[in-house]
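Reminder, nothing fancy here: chain letters follow the sequence lines and each chain counts from 1.
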Amino acid sequence: MSDHGIGAGRYVGQAVQRKEDPRLLTGHGRYVDDVTVPRMLHAAFVRSDLAAATIRSIDVSEALALDGVVAVLTGHDLNGIAGSMQPSMNVENSPFPCAPLRPLAVTDVRFVGDPVALVVAESRAVAEDAAELVFVDYEPTPAVATIEAALADGAPLVHPEFGTNVPVDFPMPADPEVEALFASAAHVVEHRIVQHRYNPVPMEPRGVIAGYDNVTGELDVWLSTQGPHEARLTFSRLTGVPEQHVRVRMGDVGGGFGQKFFTGHDEQVVVLAAKHLGRAIKWIEDRRENLLAATHSRSDLADVALALDADGRILAAKFDHVEDAGAFPVGGLGGVGPFVSMLFPGPYRIPKIWWRSRIVCTNTCGRGAYRGPWMFETTAREEILDVAARAVGIDPREIRRINVVADDDQPYNTATGMMFERVTPATTLEHATQVIDYDGFRATQAAAFAEGRLLGIGIGLYIEPTSSPAGSLGVEAAKVRLEPGGSVTVFLGTAAHGQSIETTMAQVVAEHLGVPYEQVAVIQGDTDRTPFGGGTGGSRTAVIAGNATRLAAQRVREKVVEVAAHLLEAAPEDLEVADGRVAVRGTPSRAVTLAEVATAVHNVGGVAVDVPRVLEATGRYETQGMTWSNACHVCTVEVDRVTGQVTIGRYVVSEDCGRMINPMVVEGQVQGGVAQGVGGVLYEHFVYDDDGNPLTTTFLDYLLPTAVEVPRVEIDHVVTDGGNPSGVKGMGEGGAIGSVPAVFNAVADALSLVGATVLDQPLTPLRVVEALEAAGA
Amino acid sequence: MKAAPFDHHAPESVADAAALLAEHGDEAKVLAGGQSLLPMLAMRLTRFEHLVDVSRVPELHGITTDGDLRIGASTPQAVAEHDPVVADAVPLVARAIPHIGHFQIRNRGTVGGSIAHADPASELPAVALALDAVLEVAGATGTREIAATDFFEGTWSTALADDEILTGVRFPVWTGRQGAAVREVARRSGDFAIAGVAAAVELDAADRVARVAVGLFGVASTPVRASATEAALTGASVAEATAALADAALAAADGFDAVDDLHATGAYRRRVTTHLVQTALTAAIQEASGVRA
């Protein structure tokens, strides 16, 4: 439908094969658990099995006596020697209170999974045996497990330090204009929308190996992470080891999805223990720990209201949002909070809005980033739009057409202060609904309903903020070096964990330096080898690291041309670089290879003294504000009226992420994100009972979608220049955002045929059946 | 997720296995394919000082027919799944096994292990119960046979004594025209069933229902035989049985104490069971009477 190749070059814009594939697809990736260091010990945590309790005593004597146990550490050992455990973002400038982190609980525990002791032993098995022999005497205290419980009058306090369970309450002042619009509107819809708790669940859980050399004072860490440089800063603050003596390395990382963007609590405890003991310690999180205590995500609710005129035009909105931070959020309280409200208008013209943003703490696992951490704005908006469409009596597609921000509305300032430009929500809405044959489906749906079958279609339309200009996260540097043999190495502060960065950044260098893609290697994940960078997350790599890499490659090319001009006795402006050769334009026989250029530079007398002697360059790129991408997800479902099971039919995404570096990688990101959104709506749910006891700590009960459940996604690309030198936009998170309301709305659409209503996710068979039964259907 | 320490024993005969069980009593557990026991050990939900691994006992392997179909307890589920003798002799067994987990699980999991583990959501216990299978058991003092009806006592609980080992299962072979079907509802492909039905129908020469077997799984604390459903259909003509199916299926849902859990309520299980019994029996009757679906 649209030209994938707008702006495509020899390498950039092409679906080249991934450099990562040979090792990853044959099972030869090297993850942190594949690393062994000399005299390495193994750790296991003793975790609270109560959501809230006072600790009367901890008895480690039996555990310590077990053969093979080296140490059993409690908060008495570690808490007094720990520096800050906060991420740099909070240390530098936190607008919100920070959760009172401590390495190990000493006086009380605040969620099931809260670490109380760390056993260090000769093997993990012994460490786990010993962990069972640590006896913690608890006095249980009342817990709050839900947002509602945390907000209740007289609720027990999760953190007495705060004096409240609502450490952040950010209401806009009451707005008489909004109230007047609601009072006079032809239609008002109000709805409480709940986004249930589900988690990143990376295939590789967290893991760390930390070693401290008492003689050299060096702290050497292997980490499963999305950001080794941030981890290095964190470990330096935590342990007091100066940053220049801290090295953090990562190998392959089996997914993070945000969970490994900031440096986790438990990894920090292991590093601190290694420093304390002067021994190398490995800790590999197991699946139960990952589900119980790594980070949790989503878990939001909002009372949402729209005022509309008789035609379905939105006049005003109210968005009263509460985010559940759990007990010890990773990345800090308020990491997302008000941003959700600010994005709530999304791709629609909503002239007036009142919003309130609260963050509550509960006695549950702390919240952490997860692919589109702010995505509740899309869930809430897209779900209430369908409610509004039914109230007004128009089709869900029509209400979007009426209100969507058009191309000629841009630049468009939302009522919440966001400025959108270079976005195409109206175009993607039309494309996605055309590809899926929206009108044809409505006919099919009616025919099927005549036979008693329930089919539905749902839309999720959104604008995705990428490459945020937030402190050090808005900048990247890239170093590109021409090697003596003519190959090229790129050094990046990024931290690929599934994003194909080795491939895409090699494409960028191959394109802009003029060398074969095969001759470019990308190095990431080692603080001793790579420039400082914010890591990979927040859909920032393509825009920020990509433009930095482009600049560095161009600078090396300039140096290469300057040397070659000397060697060829030609004017630099007459030279072109391609395929690893510099040739005089129009006279291809007059050429030197990049190896010859490098040889000249690296040998005595090879070049004149006034040409560059170092064939490497660094590029720095600072994001110019937010880069907005956008997409429209549409899917069809069938609901089984007897079993309540939902089967997805077709799934279409029309997306605009600017110029694509590699369309295959873009499509992989979309497909993967959709898998997670489908999982969230239909299968995944981390459940606590009212006392804060977790009920879904294995994959038996926490249900991830499998290849059978995930639909094949049909993808349409709309390409609008991103407004930066390479024209790209970030897009790593959107698949997990638009998919949630698309699937939800499709099910709601099907159920509306028989007057049934679903309010909450996940849409389990049971919940669907109960909705049908409540409607007498 | 490391199991507590245990000793691993690999006897090569049933007698040696039984002797080990007798020696260690309730500190020992039989290890078959390990698809249920090993995760439970790794999560320390259970622990045993001794695991008696019966996977290398030759006499526990093999599939034979001699009036009954006999499947040795250590026969991998995948072997039984693809064995033409099984499919021919007792089609319901061959059709139930593909519903067990995923193929990797069936490669390791054993027929006897599934039955002895007695998870109420498992397919084979319900099949054994519905078909009046006989379970062959050996202990240090000898062998005995237990009717499937008497075998399943509760969730993960059977009539096997601590020092006994399941050695094989015998399924009666039906000789008339028959049909068999397995239907289940699970949250995802390969999950434990929220509700499931294994049904077989045999017609006599006069096209009347000679035998009908309906086993339910995933719905109660044990596999359940839908006796009322069977009684309502036995002796009926195909037309009569088809007409009576809806009521007979309703009767199936009344025959058990439905469990509530994270994934479904008892009421949901009854609703779905009725539907599954009806669809499974419809398919089985059609197959037996030669109607192509």
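Heavy-atom neighbours of chain A within the stretch residues 213-228 of chain B, taken at a separation under 4.5 angstrom, are nonexistent.
Around CZ of B/Phe103, the count of heavy atoms belonging to other residues, nucleotides or ligands within 6.0 Å does not exceed 12.
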May I have a table of the donor-acceptor pairs connecting chain B and chain A at distances under 3.5 Å?
from	atom 1	to	atom 2	distance (Å)
B/Met1	N	A/Glu128	OE1	3.0
B/Met1	N	A/Glu128	OE2	2.7
B/Met1	N	A/Asp286	OD2	2.6
B/Lys2	N	A/Glu128	OE1	2.7
B/Lys2	N	A/Glu128	OE2	3.4
B/Met43	O	A/Arg288	NH1	3.3
B/Met43	O	A/Arg288	NH2	3.4
B/Arg44	NH1	A/Asp129	OD1	3.0
B/Arg44	NH1	A/Glu132	OE1	2.8
B/Arg44	NH2	A/Asp129	OD1	2.6
B/Arg47	NH1	A/Glu132	OE1	3.3
B/Arg47	NH2	A/Glu132	OE1	3.1
B/Arg47	NH2	A/Glu132	OE2	2.5
B/Ala186	O	A/Gln645	NE2	2.9
B/Arg187	NH2	A/Leu682	O	2.8
B/Arg188	NH1	A/Leu704	O	2.5
B/Ser189	N	A/Glu709	OE2	2.8
B/His263	NE2	A/Asp701	OD1	3.2
B/Tyr268	OH	A/Thr643	O	2.4
B/Arg271	NE	A/Val642	O	2.7
B/Arg271	NH1	A/Glu773	OE2	2.8
B/Arg271	NH2	A/Arg641	O	2.7

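Between chain A and the residues B/Ala264, B/Ala4, B/Pro5, the largest count of heavy-atom pairs under 4.5 Å involves B/Pro5. Interface check for chain B: of the options A/Ala125, A/Ala707, A/Pro765, the most heavy-atom pairs under 4.5 Å are formed by A/Pro765.
For B/Glu240, the salt bridge (Lys or Arg N to Asp or Glu O under 4.0 Å) partners two or more places apart in sequence, or in a different chain, are B/Arg208. Legend: residues meeting side-chain contact (heavy atoms from CB on, under 4.5 Å) with B/Ala3, ordered by chain and number and at least two apart, are B/Phe6, B/Leu41.
At a 4.5 Å heavy-atom cutoff, the contact between A/Leu704 and chain B is made by backbone and side-chain atoms alike. Contact annotation for A/Val687: only side-chain heavy atoms (C-beta onward) come within less than 4.5 Å of a heavy atom of chain B.
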